[in-house]
Amino acid sequence: MPSILIIDDNASVGTALEVLFSLHDIDALHALSPEAGLALLEQQPVDLVIQDMNFTEDTTSGEEGEALFQQIRARHPDLPVILLTAWTHLSSAVDLVRAGAADYLAKPWDDRKLLVTVNNLLELSETRRELDRRRDREQRDRTALEARYDLRGAVVADPASERVVNLACQVARSALPVLITGPNGAGKEKIAEIIQANSLVAKGPFVALNCGAIPAELIEAELFGSEAGAYTGANKAREGKFEAADGGTLFLDEIGNLSLGGQMKLLRVLETGRFERLGSNRERQVKVRVVSATNADLPAMIRDGSFREDLYYRLNTVELALPPLAERPGDILPLAERFLSGGKALSSAAATALQRHPWPGNVRELRNVIQRAELLAQGTRIEAADLNLPRAPVAARPTAPSADPDRSRIEAALAHNHGIIAQAAAELGLSRQALYRRMDRHGIPRE
């Protein structure tokens with residue numbers, strides 16, 4: 001049952017409100033003075049406070065109420081406070097709302113309006129508490145993840161990246177091939193490193209090959225090695241990546257760039273562990289954990305005949321889909337701080353600019369932006385201008401109907417949000433007080 005604290009020196013006011021709330025399954029406590037109210041707040045948790053603006057007889061300035069509000073706000077910054085005020089103190093109440101009070105109501109109050117306001121604030125508080133509980137739970141899960149596994153210094157601050165890393169750690173100890181999908185620069189190689197670090201071959205080599213950076217005619221030699229004279233320029237025999245990764249992990253980035261011939265040989269290695277160097281008839285045996293990655297649409301490549309279907313299903317026994325940075329915003333600022341190396345800090349404006357940028361280049365772009373800004377920033381703080389990010393497009397100005405919704409739009413928003421004022425106001429782009437004023441203007445009841 002939700003709990004409300006009423007702070008008012010008038011006993012009849014407290015009794016009336018206690019009766020009103022008890023009829024609607026809300027527990028009410030009453031304190032006759034600011035001191036008693038503050039003491040009650042320290043003794044037991046409440047969900048909302050309703051306070052008067054004056055507590056001394058013949059005092060009408062509202063200063064006592066302002067002082068009480070400031071004390072509550074200092075000790076309990078997230079606790080919603082409703083002010084009860086006479087019309088003569090309306091300006092003081094409005095000032096306190098601007099300072100963080102949840103709402104104000106004039107004496108004598110309207111029971112229906114008060115209940116609507118209270119229920120909206122209680123629901124909003126419960127939503128905020130649930131969000132806090134979820135964040136605490138996610139933080140505990142991340143701490144447990146970091147304690148249990150070697151994350152290779154990865155930043156895992158967003159639930160989306162945490163899910164991928166958690167799954168990578170779970171599959172790491174199997175020998176199954178893993179396919180990591182995601183856009184360029186999102187951090188696919190870091191996921192591969194995490195798999196290697198937590199695998200049964202963690203002490204073995206970790207060898208990476210970007211298939212997109214090697215000419216098609218040389219990719220097979222890079223993978224499988226070559227004998228002297230196998231191709232023009234091959235003056236001596238050399239081992240390929242599979243031999244170098246024997247007993248460890250081979251990370252094949254941009255696997256979609258591998259030629260069909262190379263795909264066929266790769267499939268054979270995955271199935272048998274055997275291959276021949278280019279220019280040799282002698283089979284070699286290796287034991288390699290293969291982790292591959294791509295930003296390409298492999299199913300589409302299968303349909304157009306440029307990627308083998310049997311290899312695709314062999315590679316993605318387990319598929320890890322790493323979202324772009326824009327879809328894991330919780331990682332942006334922790335990553336930015338990780339990339340800072342010269343002792344400089346981000347200003348609040350710079351942090352806001354980083355969070356608003358869409359990051360088409362993902363983590364790689366973020367690292368480059370931070371390194372450049374740290375080099376160019378004149379002081380000890382990096383400002384938004386130092387980031388040199390493209391200016392966000394100016395949002396179109398709302399049309400008159402959007403700025404001042406008519407009765408039908410207000411009623412539709414209230415119905416869509418089940419009468420919850422805070423959510424309806426957000427949908428309409430208004431504050432709660434602005435929505436209340438428009439409801440009164442159109443004769444829409446506050447219920």
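All values below come from the heavy atoms of this structure, side chains included, with hydrogens, waters and symmetry mates left out.
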### Query
Is there a side chain to side chain contact (heavy atoms under 4.5 Å, CB included) between Leu376 and Asn388 once you walk through the steps?
CA-CA 10 Å; Leu376 298 178; Asn388 197 30; over 6 Å; no
### Query
Can you list every pair that meets salt bridge (Lys or Arg N to Asp or Glu O under 4.0 Å) and has a residue in residues 331-354, with sequence neighbours left out?
Arg328-Asp331
### Query
Got Val288 and Val207 here, is their nearest side-chain heavy-atom distance under 4.5 Å?
no
## Note on the structure
Across all chains, not counting sequence neighbours, the ring-ring contact (aromatic ring centres under 6.0 Å, His included) partners of Phe242 are Phe224
### Heavy-atom side-chain proximity of Phe339 to Val363 below 4.5 angstrom
yes
### Task
For Arg152 and Ala197, work out which heavy atoms get closest and say how close.
CD-CB, 3.3 Å
### Min side-chain heavy-atom separation Asn316-Thr181 under 4.5 Å
no
### Summary
Minimal heavy-atom distance between Ala353 and Leu387, with the atoms involved, is CB-CD1, 4.1 Å
### Query
Rounded to the nearest 0.5 Å, how far does CG of Asp136 lie from CG of Asp141?
11.0 Å
### Message
Which heavy atom of Leu322 sits nearest to which heavy atom of Pro183, and what is that distance?
### Response
O-CD, 3.7 Å
### Task
With rounding to the nearest 0.5 Å, note down the distance linking CD1 in Ile191 to OG in Ser161.
8.0 Å
#### Entry: Any donor-acceptor N/O pair, Thr272 side chain to Arg268 backbone, under 3.5 Å
yes
### Task
List the steps and the verdict of side chain to side chain contact (heavy atoms under 4.5 Å, CB included) for Ile82 and Ile4.
CA-CA 10 Å; Ile82 297 177; Ile4 292 177; over 6 Å; no
### Query
Which heavy atom of Val164 sits nearest a heavy atom of Ala321, and at what distance?
CG2-O, 3.3 Å
### Task
Take Leu315 and Thr294 through the test side chain to side chain contact (heavy atoms under 4.5 Å, CB included) and record every step on the way to the result.
CA-CA 11 Å; Leu315 289 172; Thr294 184; over 6 Å; no
### Residues in side chain to side chain donor-acceptor pair (under 3.5 Å) contact with Gln263, at least two apart in sequence or another chain
none
### Message
Surrounding CZ of Arg274 (heavy atoms of other residues, nucleotides or ligands, distance under 6.0 Å), is the total greater than 12?
### Response
yes
### Message
Any salt bridge linking Arg284 with Glu227? Criterion: basic side-chain nitrogen under 4.0 Å from a carboxylate oxygen.
### Response
yes
### Message
Checking Lys265 now: which residues fulfil side chain to side chain donor-acceptor pair (under 3.5 Å) with it, not counting sequence neighbours?
### Response
Glu220
### Task
Determine which pairs satisfy salt bridge (Lys or Arg N to Asp or Glu O under 4.0 Å) with at least one residue from residues 172-194, sequence neighbours left out, and list them in order.
Lys190-Glu193
### Gln44 side chain reached by Leu40 side chain, heavy atoms, under 4.5 Å
yes
### Query
Between CG of Leu223 and CG of Leu258, what distance do you get to the nearest 0.5 Å?
6.0 Å
### Query
So, Arg238 and Glu222, do they make that salt bridge, N to O below 4.0 Å?
yes
### Task
Evaluate the side-chain proximity of Pro2 to Glu123: yes if any heavy-atom separation is below 4.5 Å, no if none is.
no
### Rounded distance (nearest 0.5 Å) linking atom CG of Asn166 with atom CZ of Arg142
12.0 Å
### Message
Given 3.5 Å as the limit, does a donor-acceptor pair link the side chain of Glu146 with the main chain of Leu151, or not?
### Response
no
May I have the list of side-chain donor-acceptor pairs in residues 73-80 shorter than 3.5 Å, sequence neighbours left out?
| residue | atom | partner | partner atom | Å |
| --- | --- | --- | --- | --- |
| Arg73 | NH1 | His76 | O | 3.3 |
| Arg73 | NH1 | Pro77 | O | 3.0 |
| Arg73 | NH1 | Leu79 | O | 3.3 |
| Arg73 | NH2 | Gly100 | O | 2.9 |
| His76 | NE2 | Glu42 | OE2 | 3.4 |

### Query
Does a sphere of radius 6.0 Å around CD in Gln378 hold more than 12 heavy atoms from other residues, nucleotides or ligands, not counting ones at 6.0 Å or beyond?
no
### Message
How close do Ala28 and Phe21 get, counting heavy atoms only, and between which atoms?
### Response
CB-CD1, 4.1 Å
### Message
What's the separation between atom NE2 in His24 and atom CD1 in Ile26, rounded to the nearest 0.5 Å?
### Response
7.5 Å
### Task
Using a 4.5 Å cut-off on heavy atoms from C-beta on, say whether the side chain of Pro177 contacts that of Leu179.
no
### Query
Is the backbone N or O of Ile194 less than 3.5 Å from a side-chain atom of Asn198, with the two atoms forming a donor-acceptor pair by type?
yes
### Message
Holding to side chain to side chain donor-acceptor pair (under 3.5 Å), I want the full list of residues that pass it with Glu243, two or more places apart in sequence or in another chain.
### Response
Arg277
### Message
As an exercise, state the distance from CG of Leu5 to CG of Leu17, rounded to the nearest 0.5 Å.
### Response
11.5 Å
### Residue pairs, two or more places apart or on separate chains, that pass ring-ring contact (aromatic ring centres under 6.0 Å, His included) and touch residues 356-385
His357-Trp359
#### Entry: Partners passing salt bridge (charged side-chain N to carboxylate O under 4.0 Å, His left out) against Asp158 (at least two apart in sequence or in another chain)
none
### Query
Does Asn362 reach the main-chain N or O of Leu325 with its side chain, forming a donor-acceptor pair under 3.5 Å?
yes
### Query
Closest approach of Ala172 and Ile195, non-hydrogen atoms and distance?
CB-O, 3.5 Å
### Message
Under the rule for side chain to side chain donor-acceptor pair (under 3.5 Å), what residues qualify as partners of Glu411, not counting sequence neighbours?
### Response
Arg407
### Where at least one partner belongs to residues 244-255, residue pairs that pass side chain to side chain donor-acceptor pair (under 3.5 Å), sequence neighbours excluded
Gln196-Thr249
### Task
Would you indicate whether Asp304, at its atom CG, is surrounded by more than 12 heavy atoms from other residues, nucleotides or ligands within a distance under 6.0 Å?
yes
### Summary
Residues pairing under salt bridge (Lys or Arg N to Asp or Glu O under 4.0 Å) where one sits in residues 360-384, two or more places apart or in two chains, turn out to be none
### Message
Is any side-chain heavy atom of Ile214 closer than 4.5 Å to one of Asn210?
### Response
no
### Task
Measure the shortest side-chain to side-chain distance between Leu252 and Leu266 over non-hydrogen atoms and say whether it is less than 4.5 angstrom.
yes
### Task
Starting from the C-alpha separation in whole Å, work towards a yes-or-no answer on side chain to side chain contact (heavy atoms under 4.5 Å, CB included) for Ile444 and Arg438.
CA-CA 8 Å; Ile444 301 173; Arg438 284 160 177 77; over 6 Å; no
